Amino acid sequence: MQNCQELAAGLYYLGGNDRRLALFESAYPVPRGVSYNAYLLKDEKTVLFDTVDIAVGDFFFDNLACALGEDKLDYVVVQHMEPDHSATFARLLERYPDVTVIASQKAAVMLKNYFGYTGKAYLVKEGDTLSIGKRTLTFIGAPMVHWPEVLFTYVPEEGFLFSADAFGTFGALAGNVIAEKDVFAAEYLDDARRYYFNIVGKYGVQVQSVLKKAAGLKISMVCPLHGPIWKDDFAWYLEKYLIWSAYKPEEKCVAVFYASVYGHTQNAAEILASAIGAEGVRVKVFDVSVTHPSELLSEAFRCSHAVFASTTYNNGIFVNMENFLNDLKAHNYQNRAYAIVENGSWAPQAGSLMDGILAGLKNMRRIGEKTTVLSAVNASSREALVTLGKQIAEDVKA
């Protein structure tokens with residue numbers, strides 16, 4: 001049964017929620033599920049913005065039929081070809097064979113690759129417009145946010161911005177599809193940050209470019225493909241994107257990441273964290289072998305300072321810490337202060353190797369020298385950890 005919702009006069013939400021999905025893109029845990037959003041705009045012509053993942057396909061088609069009523073479907077705008085937004089495209093054409101497909105040139109190629117679609121597509125690019133009656137569709141190129149074919153669509157008469165994956169978040173919707181800032185901050189912000197840095201974050205330069213394009217637009221509603229729709233307080237969320245895409249720290253605080261086999265490196269990390277906390281600085285501690293990499297990545301970008309503590313393993317960095325550091329590198333981690341702690345029973349090597357990775361990243365600044373623990377923390381290494389903790393805290397407060 002349909003559950004379409006009218007967001008504004010002639011604009012309908014057609015999406016659905018998947019709360020059974022364990023891993024988004026087979027990689028990222030989504031314990032609160034995820035929404036797949038699509039929209040219908042009715043004017044003299046009717047326009048569908050994207051389709052949905054197959055998991056909610058039946059609900060989507062019920063919603064689309066309800067919103068259309070007796071009207072025909074004139075256009076479908078393919079803003080993003082990733083299958084969680086295009087998997088039901090072929091079914092759409094079976095039901096509405098006369099619909100005109102609007103897409104970028106790159107999206108048209110992907111339609112052929114995914115679906116064997118060789119029908120005529122109305123190709124659009126940056127700045128192109130299309131009148132649908134009282135309203136106009138203006139197309140904004142958003143390449144690599146986060147695929148190369150991506151389009152945004154802007155409706156200047158109403159201030160509607162259909163933003164593809166930008167401004168999306170993990171987390172299913174709970175009844176009210178409109179974002180409320182306080183609720184979003186409490187219930188969605190961590191998921192939104194994790195979504196951004198893991199899905200889109202590598203392409204900060206491209207995101208900044210698109211945000212500059214949008215800066216001069218009068219926006220009344222932002223309709224992303226995942227998560228709540230923004231009406232009020234969008235400037236608050238936009239500011240988050242400006243910070244994230246510029247690779248700036250969101251908060252002056254410290255994240256301590258450790259990799260420990262028998263608990264001694266953990267002990268070192270917790271002594272260091274306690275020394276930081278004793279100075280009145282906010283600090284969080286993560287075991288990289290327990291916490292999912294997507295959460296580690298998000299926290300590393302959230303904080304201004306980071307500590308990396310690893311035991312030496314096979315004469316190198318412990319495997320989970322090495323994977324995490326390579327993940328940070330792959331996502332353009334930069335503009336942070338960091339400190340290094342290493343452990344080794346006979347030939348500690350992890351510190352130099354970790355520093356080699358981090359020092360090669362853009363605008364990274366190390367605090368102090370690496371601190372070495374030989375097997376287990378003793379009085380001397382404990383003193384060194386406390387001293388380093390105070391150095392880090394002073395740097396945060398400075």
Side-chain angles (χ1 to χ4, degrees), residues 24 27-29 146 169-170 189-205 207-208 240-260 265-266 268-270 272-273 276-277 281-311 317-342 350-351 353-368 370-371 388-389 391-393 395-396:
F24 184 80
Y28 310 112
H146 59 114
T169 177
F170 298 135
L189 184 57
D190 286 347
D191 272 338
R193 183 187 303 109
R194 188 164 62 94
Y195 175 90
Y196 174 82
F197 281 112
N198 284 276
I199 305 293
V200 186
K202 180 178 181 178
Y203 305 106
V205 172
V207 173
Q208 287 270 303
K240 298 293 184 187
Y241 257 68
L242 290 168
I243 293 169
W244 296 343
S245 60
Y247 301 106
K248 295 179 181 178
E250 190 176 344
E251 184 177 347
K252 295 192 74 174
C253 58
V254 185
V256 177
F257 304 101
Y258 72 84
S260 188
T265 307
Q266 175 183 348
E270 291 180 343
L272 176 64
I276 295 169
V281 171
R282 188 179 178 197
V283 59
K284 294 178 73 173
V285 181
F286 301 91
D287 184 338
V288 300
S289 298
V290 174
T291 306
H292 193 272
S294 67
E295 295 182 30
L296 299 175
L297 190 80
S298 177
E299 284 297 310
F301 277 102
R302 184 181 67 83
C303 297
S304 58
H305 292 63
V307 177
F308 301 91
S310 177
T311 187
I317 307 168
F318 187 72
V319 59
N320 293 328
M321 177 63 80
E322 186 173 21
N323 290 342
F324 173 45
L325 290 170
N326 286 331
D327 204 19
L328 288 173
K329 181 179 179 180
H331 285 82
N332 287 336
Y333 188 59
Q334 58 187 268
N335 301 328
R336 300 298 189 277
Y338 69 95
I340 295 289
V341 176
E342 67 176 355
L353 295 171
M354 288 191 293
D355 194 39
I357 294 172
L358 292 162
L361 305 181
K362 186 177 180 180
N363 294 332
M364 298 293 289
R365 176 173 58 86
R366 193 181 70 200
I367 299 173
K370 70 182 179 193
T371 299
L388 179 60
Q391 276 186 278
I392 294 168
D395 196 83
V396 173

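Since this is a predicted model, take the numbers as computed values, not measurements.
With sequence neighbours left out, Phe301 forms a ring pair (Phe, Tyr, Trp, His ring centres under 6.0 Å) with Phe197, Tyr333. Asp355 meets the side-chain hydrogen bond (donor to acceptor under 3.5 Å, both in side chains) test with Tyr338, Arg366; sequence neighbours excluded. Looking at residues two or more places apart in sequence or on another chain, you find a side chain to side chain contact (heavy atoms under 4.5 Å, CB included) between Lys252 and Ser304, Val396. Evaluation of the side chain to side chain contact (heavy atoms under 4.5 Å, CB included) rule for Glu270 yields Gln266 as partners, not counting sequence neighbours. The side chain to side chain contact (heavy atoms under 4.5 Å, CB included) check on Ala339 picks up Val307, Leu388, Ile392, with sequence neighbours excluded. For His146, the ring pair (Phe, Tyr, Trp, His ring centres under 6.0 Å) partners are His80, not counting sequence neighbours. Listed by chain and number, the residues in a side chain to side chain contact (heavy atoms under 4.5 Å, CB included) with Ala27 amount to none (sequence neighbours excluded). Shown here are the salt bridge (Lys or Arg N to Asp or Glu O under 4.0 Å) partners of Asp190, two or more places apart in sequence or in another chain: Arg193. Residues that satisfy the salt bridge (Lys or Arg N to Asp or Glu O under 4.0 Å) test with Glu251, not counting sequence neighbours, are Arg282, Arg302. Judged as a side-chain hydrogen bond (donor to acceptor under 3.5 Å, both in side chains), and not counting sequence neighbours, Tyr196 has no contacts. In this view, Gln334 satisfies the side-chain hydrogen bond (donor to acceptor under 3.5 Å, both in side chains) rule with no residue, not counting sequence neighbours.
The existence of a salt bridge linking Lys240 and Glu250 is confirmed by a sub-4.0 Å separation between a basic side-chain nitrogen and an acidic carboxylate oxygen.
Put simply, the side chain of Thr265 never gets that close to the backbone of Ser260: no donor and acceptor are under 3.5 Å apart.
Across Val288 and Ala259, no two heavy atoms sit closer than the pair CG2-CB, 3.7 Å.
Ring planes of Phe257 and Phe308: parallel class, angle under 30° (limits at 30 and 60°).
Residue pairs meeting the salt bridge (Lys or Arg N to Asp or Glu O under 4.0 Å) criterion with at least one member in residues 323-336: none, sequence neighbours excluded.
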